[in-house]
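Okay, structure first, notes after.
Both backbone and side-chain heavy atoms feed into the values below; hydrogens, waters and symmetry mates do not. To find a chain, count down the sequence lines: A is the first, B the second, and so on, and within it residues start at 1. This structure is a prediction, so every number in the text was calculated from the model and none was measured.
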2 protein chains.
Amino acid sequence: MILKSQVEWALHCCAILSGLPEGRYLSTKALAEFHGLPKEYLSKALQSLSQAGLVHTTLGPSGGYRLARPPAEVSFLDIVEAVEGSGRTFVCNNIRANNPCRPKGFCDTGPCAVARVMWQADEAWRNTLRGVTMADLGQTLSQEIPPDIWSGTFAWVLKRAG
Amino acid sequence: MILKSQVEWALHCCAILSGLPEGRYLSTKALAEFHGLPKEYLSKALQSLSQAGLVHTTLGPSGGYRLARPPAEVSFLDIVEAVEGSGRTFVCNNIRANNPCRPKGFCDTGPCAVARVMWQADEAWRNTLRGVTMADLGQTLSQEIPPDIWSGTFAWVLKRAG
DNA sequence: TTAAATAGGGATATCTTGTATCCTTAATAG
DNA sequence: CTATTAAGGATACAAGATATCCCTATTTAA
């Protein structure tokens, strides 16, 4: 059970977009080159973000993506769910219902006790991701990346932003 | 990102094995019939439990599986990891290292900030599963299943236990 | 002692999902 | 008008999940 690599890509792209000045955009091409990723396939991940309403897009030259909301209002969970879907990691096929000792329909009253525990774990996972935003990530990054590299990156991005 | 159905199977099988009297065993055949599962494939899941040391096995007629430890010492996490593996759900491919503005080897000092957050969520998930044992599950089940069905199931199992 | 039942595991087949590329269309800026 | 862009459909390929079959060694029951 491993998350798609698109999740990683989407998170890093949003991290970059978080640092983008108001009103400017970054294209798929720029984001792909920056991260060394296949442009066409990365595009699919960005489309997922777009469909989820996390990013705003414009067409044409100097078009591309920017965050649709302030970084403090975009959580890890938002991004992960946009790409990976919001389904649970544990799917209950209700195999307890096959128990030959149970009358038909006996298991219709509510979810299986096994599933409830598994879903509780899923919730704990979600809650952690819900609690960290792109603003938090930016804070962390600016603390652990030396100023010269940080500003160099910033310049690189701005040069390619529309 | 969905857990294998074998995880569900393994959990339910361990739940049944938890109720087995000392020294008795349940075969793959019995467990498969009880849950309505494909015998051969369920066998692979049970082999995973065996390799993880969660169950003890014997050969021959009246052979099969029993828990290797008391139910209170077998957690959901033990079972999930036995079947699904203990790897993280988020794999960091360190794409930040492709950033053209970073000198070679700059990212060797430690894991990416994005990965750290994702792994923190994984830990929350694990911690939840670590905190629930087969004994807890048995307690829950005995409370929500009517006594007659509970004892009927118990009889069914014993009839097929070696 | 023999026969039946069992776990273990290798080989194989199939189906689903993730990964990746290519191409067309519509919109937009210069 | 032209170059550039996002969106999305079609397709191909790889990897993993699901499932079955078969053989072997071991152990119990008769």
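Formation of a donor-acceptor pair under 3.5 Å by the R66(B) side chain with backbone atoms of S18(B) is not found in this model.
When side chains are defined from C-beta on, H12(B) does not count as touching I16(B), because their heavy atoms never get closer than 4.5 Å.
Below 30°, between 30° and 60°, or above 60°: for H56(B) and Y25(B) the angle between ring planes is between 30° and 60°, a tilted geometry.
Nucleic acid contact for S43(B): none, since no nucleic acid atom lies under 4.0 Å from a heavy atom of the residue. Y65(A) comes within 4.0 angstrom of the backbone, heavy atoms only, and of no base.
At a threshold of 4.0 Å, the pair K39(B)-E33(B) does not count as salt-bridged, since none of the basic side-chain nitrogens sits closer than that to a carboxylate oxygen.
Nearest to the side chain of Q51(B), among dC23(C), dT18(D), dG9(C), sits dG9(C). Out of dA7(D), dC22(D), dT21(C), the shortest distance to the side chain of S50(A) is found at dA7(D). Distances from the side chain of T57(A) to the nucleotides dT5(D), dA7(D), dA20(C) place dA7(D) closest. The side chain of E84(A) has dG18(C) as its nearest neighbour among dA11(C), dG18(C), dA10(D). Each of dT28(C), dC21(D), dG18(C) was ranked by its minimum atom distance to the side chain of P61(A); first place goes to dT28(C). Side-chain proximity of K4(B) to the nucleotides dT21(C), dA17(D), dA29(D) is greatest for dA17(D). Taking the side chain of K44(B) as heavy atoms from C-beta on, and the options dA11(C), dT26(D), dA6(D), the nearest nucleotide is dA11(C). Checking dA17(D), dT6(C), dT21(C) against the side-chain heavy atoms of P38(A) singles out dT21(C) as nearest. The S27(B) side chain lies nearest to dA7(C) when the options are dA6(D), dT19(C), dA7(C). Of the candidates dT19(C), dA19(D), dT21(C), the closest approach to any side-chain atom of S5(A) belongs to dT19(C).
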- Step-by-step salt bridge (charged side-chain N to carboxylate O under 4.0 Å, His left out) determination, R130(A) to E123(A): CA-CA 10 Å; R130(A) 209 189 324 267; E123(A) 264 319 294; 3.5 Å; yes
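Heavy-atom minimum distance, I149(A) versus C101(B): CG2-O, 4.0 Å.
Rounded to whole Å, the distance from CG on L37(A) to P on dT21(C) is 11 Å. The distance from atom CG of L46(B) to atom P of dG8(C) is 8 Å, rounded to the nearest whole Å. Distance, L59(B) CG to dG9(C) P: 11 Å, rounded to whole Å. As rounded to whole Å, 10 Å separates atom P of dG18(C) from atom CG of L3(A). Rounded to an integer number of Å, the gap from CD of Q47(A) to P of dA6(D) is 9 Å. In this structure, Y41(B) atom OH and dT18(D) atom P are separated by 4 Å, rounded to whole Å. Rounded to a whole Å, the CG atom of L31(B) is 11 Å from the P atom of dT6(C). With rounding to whole Å, M1(A) atom CE is found 11 Å from dA17(D) atom P.
For T28(A) and dA6(D), the shortest distance from a side-chain N or O to OP1 or OP2 is below 4.0 Å.
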